[in-house]
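What you see is a predicted model, and the numbers here were worked out from it, not measured in a lab. Within every chain, numbering begins at 1; the chains are lettered A, B, ... in the order of the sequence lines, protein sequences first and strands thereafter.
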2 protein chains.
Amino acid sequence: MSQLETKDRILDAAENLFSDKGFSATSLRSITTLAGANLAAVNYHFGSKDALIQAVFRRILTPLNNDRLQRLDALEARVQEPSVDEVLTAFLTPVATLWSESKRGPVLVRLFAKTFAEPSTNIRDLVFSEFEGIAARYIPALARAVPHLSRREVMTRLHFLIGSMTHTVTNWDMLAGAPGADELIEQMVTYGAAGFRAPAALTTSKGTP
Amino acid sequence: MSQLETKDRILDAAENLFSDKGFSATSLRSITTLAGANLAAVNYHFGSKDALIQAVFRRILTPLNNDRLQRLDALEARVQEPSVDEVLTAFLTPVATLWSESKRGPVLVRLFAKTFAEPSTNIRDLVFSEFEGIAARYIPALARAVPHLSRREVMTRLHFLIGSMTHTVTNWDMLAGAPGADELIEQMVTYGAAGFRAPAALTTSKGTP
DNA sequence: GTCTATACAGTGATAGAC
DNA sequence: GTCTATCACTGTATAGAC
């Protein structure tokens with residue numbers, strides 16, 4: 001057993017068990033047993049199972065998003081008008097970096113992928129609130145790189161890109177050959193940048209005149 | 001209460017409750033109460049909660065995928081060499097059609113979106129097995145439309161597209177303005193088709209020479 | 001075959017002693 | 001901060017009624 005405090009031991013145990021068996025299938029008893037703590041410690045330190053889940057995610061997302069901001073800062077300091085490819089690379093690379101971490105990586109990315117499309121928990125809200133700072137920086141950067149798109153269409157296409165990212169990470173093993181993280185980032189940037197560069201979609205909604 | 005048989009009443013109730021509160025947050029008791037059935041009826045008709053979830057999904061996915069196959073058949077009967085845009089439209093439209101159904105639509109699509117990124121259940125496997133027939137028809141059609149890509153890269157980009165689709169549907173309400181289904185399909189086809197048409201990504205994996 | 005009533009082990013949560 | 005005891009509720013299984 002490590003020298004860490006109870007709170008951190010619980011977070012570590014929860015991270016591993018959630019990633020392994022999912023949220024609902026992981027009982028607080030199995031977490032506290034693995035962490036060498038008492039069952040009630042979870043409710044004392046975090047308040048509820050749901051709050052524990054959120055704490056696990058916050059511990060991952062904060063550094064990830066900081067990395068994203070840092071990369072965009074560095075990019076804009078280096079290049080006057082960054083291309084879509086460069087901005088998307090800055091956006092996607094932190095995920096690949098996490099993924100490439102030898103041991104904790106796969107655990108974290110699997111958890112991160114589960115964030116979206118989760119039904120009733122507050123995870124989605126947490127992720128989107130953590131994401132606000134990212135959007136505030138990346139959407140203007142993207143809008144400058146693809147000035148032919150309205151702000152709204154930039155946001156829509158960013159959603160498309162995020163969907164590609166999360167789905168790919170989630171179903172990594174379904175991709176035949178299972179390419180490395182670097183290679184996949186490359187393919188995703190190629191695909192996404194071309195999508196962003198595509199002309200604005202017509203907004204003719206109704207009839208066929 | 002309807003005249004339907006118990007089995008169907010349970011499926012209807014489960015579909016609505018799952019879509020509303022998620023899978024783990026929905027108890028079998030709440031399902032059977034809403035369906036006007038006894039608790040044990042679930043295990044009698046389906047075997048387990050997990051099997052019930054799968055049955056709910058199968059009832060949605062089978063007609064959806066049949067619609068996809070039918071549209072591709074019709075397209076290839078009409079056009080000799082369908083474009084990426086046309087193939088992607090055939091692929092995506094059934095989802096939009098489901099979505100546009102006034103009452104059941106939103107329920108189904110929310111459920112369908114939860115299919116991916118689900119942690120430990122067998123849902124993912126079910127969806128992918130149901131998807132095999134689709135892939136067998138659509139991947140060759142796409143490969144013919146974008147002959148500059150290897151078969152593997154076609155599959156990878158199809159994954160990207162599926163991710164965009166599911167994430168967009170899941171987080172529909174996060175998109176400012178919440179465009180209509182038709183408009184969103186149009187934007188997704190524009191984005192995805194451009195992505196498919198992009199040149200093959202370099203597969204230089206390692207160093208920077 | 002279909003349905004009911006009931007029992008059981010495991011769950012998240014909480015109050016209160018130490 | 002930590003622990004024990006206890007709560008209401010969950011999914012599942014089964015014996016037996018119609």
Exercise. Take the angle between the ring planes of B:Phe91 and B:Tyr138 and call it parallel below 30°, perpendicular above 60°, tilted in between.
Key: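 Ring orientation of B:Phe91 relative to B:Tyr138: perpendicular.
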
Exercise. Name all residues meeting the side chain to side chain contact (heavy atoms under 4.5 Å, CB included) criterion together with B:Asp67; count only those two or more places apart in sequence or in a different chain, and write none if there are none.
Key: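 For B:Asp67 the side chain to side chain contact (heavy atoms under 4.5 Å, CB included) partners, ignoring immediate neighbours, are B:Arg71, B:Pro94.
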
Quiz item: Listed by chain and number, what are the side chain to side chain contact (heavy atoms under 4.5 Å, CB included) partners of B:Pro63, not counting sequence neighbours?
Solution: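 For B:Pro63, no residue satisfies side chain to side chain contact (heavy atoms under 4.5 Å, CB included) once neighbours in sequence are set aside.
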
Practice problem: Round to the nearest Å and state the distance from A:Asn43 atom CG to C:dT14 atom P. | Solution: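 The distance from CG of A:Asn43 to P of C:dT14 comes to 6 Å, rounded to the nearest Å.
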
Quiz item: Please, which pairs that meet side chain to side chain donor-acceptor pair (under 3.5 Å) have at least one residue in residues 35-46 of chain A, sequence neighbours excluded?
Solution: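 The answer is none; no pair qualifies.
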
Self-check item: Considering all heavy atoms, the nearest A:Thr156-B:Gln187 contact
Solution: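 Shortest heavy-atom contact: CG2-OE1, 3.3 Å.
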
Quiz item: Is there any salt bridge (charged side-chain N to carboxylate O under 4.0 Å, His left out) pair reaching into residues 154-172 of chain A, and which pairs are they, with sequence neighbours excluded?
Solution: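 Found A:Glu153-A:Arg157.
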
Quiz item: Quick one: how far along DNA chain D does chain A reach, first to last nucleotide 5' to 3', anything under 4.0 Å to a heavy atom?
Solution: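 Listing 5' to 3', DNA chain D meets chain A from D:dG1 to D:dT4.
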
Quiz item: Strictly under 6.0 Å, is that where the ring centroids of A:His159 and B:His167 end up?
Solution: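 Distance test on ring centres: under 6.0 Å, yes.
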
Report each atom pair, protein N/O against N/O of nucleotides 4-11 of chain C, whose distance is under 3.5 angstrom.
unit_1, atom_1, unit_2, atom_2, d
C:dT4, OP2, B:Asn38, N, 3.1
C:dT11, OP1, A:Ser27, OG, 3.4

Quiz prompt | Polar side chain donor-acceptor pair, B:Gln70 to B:Asn66, under 3.5 angstrom | solution =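 Side chains of B:Gln70 and B:Asn66: no pair found under 3.5 Å.
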
